[in-house]
Engineer: 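Submitted below is the structure of interest, expressed as structure tokens.
Computed from a predicted structure; not experimentally measured. For ligands, and for the atoms within them, numbers begin at 1 and follow the listed sequence.
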Amino acid sequence: MAKEKQIVEVPAYLTVRELANLISASPIEVMKQLINNGIMATINQTIDFDTAAIVVEELGFEAQPIVEEVAEDAGEDTTPQWKRLYAQEDPKSLVVRPPVVTILGHVDHGKTTLLDTIRDAKVAEGEAGGITQHIGAYQVVHNGRKITFLDTPGHEAFTAMRARGAQGADIAVLVVAADDGVMQTTKEAIAHARAAHVPIVVAVTKIDKRNANPERVKQELSDNELVADDWGGTTLVVPVSAREKTGIEDLLEAILLTADEMQIVGNPNAAASGTVLEARMDKSRGGLATLLVQNGTLRAGDIVVAGASSGRIRAMFDEKGKPLKEASPSTPALVMGLSDLPMAGDIFTTFKSDRDARALVEERKEVNSQQHARAARGLSMEDLFAQFEAGTVKELRLILKADVQGSLEPITNSLNELKTEEFGLKILYAETGNISENDVNLAIASQAIIIGFNVDVDNAAHRLAESNGVDIRRYDTIYQVIEDVEKALKGLLEPVYEDKVIGLAEVKKIFKIPKIGKIAGCIVRDGEARRNARARVRRGTRYLVENVAVTSLKRETEDVREVRAGFECGIGLDTFDDFQSGDQIEFTVRERVN
Ligand code: GDP
């Protein structure tokens, strides 16, 4: 019976990392599959269902779209999985908790400035002298109600969290600069928020700028199905200026209004669980991790397992460095006492017994090391030669990075001229800038070699390349680049073999051996007759048979390995025995000529 494929539910949009997580594959494996299908994607890049489905299927699963129906139409439970955490609780035990807000949007549209402005305006309120630290999140109070802001902006952080099955945010604030409008990343952010069922509040930033055009932004938003409330839609769009500190109160109000329409609740009496926002080593305090409590109440002394680390919480602090005795749902807490550093996005849970906690950690470490062992390795020139010889690689793939645009074109053109019919050369991309981690990731995934022209290698990229065996070659003259690649291509060219004649024997007599066939009685005229060589038989100018195995070589009655010129011998060949006196038997060996 054919084995049924395991069905995997795939959302309309997800990142490469999320997809990898979904099917328990390494992100590199997923990137490889994408590249095989002509799609270059980085780990944090968003792909759509159709693209994801190709990978899912190639890796042996069946992809099924998650149907995102509107609740009132279907009457179905569209609650994202993470929210079922709360759904498992007795409704009577659930109380309203502060909304957790993430800020998404295009680079330079003002996310960081907005986060700083909100914090400066609000955190210090009533907290004279409190110096806020960056711990990954902070809470503000507006009209007597708390709001938690995740202060690592950008959807990479947001999706990294979702990739681990966690969901930090209840509401997304989409930042769009009034002078720039909706950009590609803005659209990606919208897709991410939608995929996570997180409602969007729009902050139109930089409204103070002379070329600000908020109406145009609203038009572009409605093109992306976010229709502003004053345009008859349901999206709250708030103009703000972080520079002039205007609109901040309105934005907080809009966030609370949105929260009121949702059921943002948690059970403060449950065992604490939530998500790791950040983790780092501190010289004097050791390992520090910021945990966002999403359900239950976390207390100093609790035993916690976060990802593959565990420990008893020795102390907790808030973002002002003030000790916390307990952290209720939606509260970020900087904790001390975990054994290893967990990763941002890891889910944490509390345990009653230290032993259970440690057992779970051991199990997770085992899984991690297996996944690590499965991770793909990069490629050096040497590997490439080997793979080529094995016939698994037929083209040289390159990633080209140069200092200026002007160098890219001549290098690309010259390199493309090196292509031959037998051997392809593919430049995956040619861009300006230093060699980055992203370049190395792509090189690993696509088995490519990185060529740098007058550029440096970022430290992180260097480390990643070292640990994955990726070949990074740097040059400062175009001539050298071309020469080296040409050499590489030569090394990669299919080896050409030639048959070299090592001996010649002439047939004198023919012996018929019952059941075996005819044996040629010969004299070796030149070189030597060799048992493990191949043979061809020439009659006059015509070859009767070529490249046949020598089945027997005898001196008198004795089997021998070779017979030198001047000696007689008996020769038997595979698939041919129709010898005639005067036939020439040439002994050949195959030799590589390039
Ligand atoms: P991010 O990349 O989205 O985090 O953007 P930043 O917060 O770093 O802001 C990018 C640039 O825009 C910085 O130079 C900020 O000073 C500027 N900026 C941010 N908000 C405003 C604003 O409300 N008005 C003006 N005029 N400039 C702003």
Engineer: Could you list the atoms of ligand 1 found under 4.0 angstrom from a heavy atom of Gly110?
Structural biologist: 1 (P), 3 (O), 5 (O), 6 (P), 7 (O), 9 (O), 19 (C)

Engineer: Does the distance from a Lys or Arg side-chain N to an Asp or Glu carboxylate O, for Arg473 and Asp471, drop under 4.0 Å?
Structural biologist: yes

Engineer: Between CZ of Arg145 and CD of Glu253, what distance do you get to the nearest 0.5 Å?
Structural biologist: 8.0 Å

Engineer: Charged N to carboxylate O below 4.0 Å: is that the case for Asp170 and Arg97?
Structural biologist: yes

Engineer: Which one holds for Thr113 and ligand 1: side chain close, backbone close, both close, or neither close, with close meaning a heavy atom under 4.0 Å?
Structural biologist: both

Engineer: Can you tell which of Asp108, Val204, Val107 gets a heavy atom nearest to atom 10 (C) of ligand 1?
Structural biologist: Asp108

Engineer: Quick test of your reading of the model: are Glu29 and Lys32 salt-bridged, counting only N-O distances below 4.0 Å?
Structural biologist: no

Engineer: Using a 4.0 Å cutoff against the non-hydrogen atoms of Ala242, which atoms of ligand 1 qualify?
Structural biologist: 20 (N), 22 (C), 23 (O)

Engineer: Look at Asp116 together with Arg119 and state whether they make a salt bridge at an N to O cut-off of under 4.0 Å.
Structural biologist: yes

Engineer: Side chain of Ser328, backbone of Thr297: donor and acceptor closer than 3.5 Å?
Structural biologist: no

Engineer: Any salt bridge between Arg474 and Asp456, counting N to O under 4.0 Å?
Structural biologist: yes

Engineer: Hey, does Ser241 sit under 4.0 Å from ligand 1 if you only count heavy atoms?
Structural biologist: yes

Engineer: If you measure from each non-hydrogen atom of His109 to ligand 1, which part falls under 4.0 Å: side chain, backbone, both or neither?
Structural biologist: backbone

Engineer: Which atoms of ligand 1 sit under 4.0 Å from any heavy atom of His106?
Structural biologist: 3 (O)

Engineer: Find all atoms of ligand 1 within a distance of less than 4.0 Å from any non-hydrogen atom belonging to Asp208, and give their numbers and elements.
Structural biologist: 22 (C), 23 (O), 24 (N), 25 (C), 26 (N)

Engineer: Would you say Lys111 has any N or O atom under 3.5 Å from an N or O of ligand 1, going by distance alone?
Structural biologist: yes

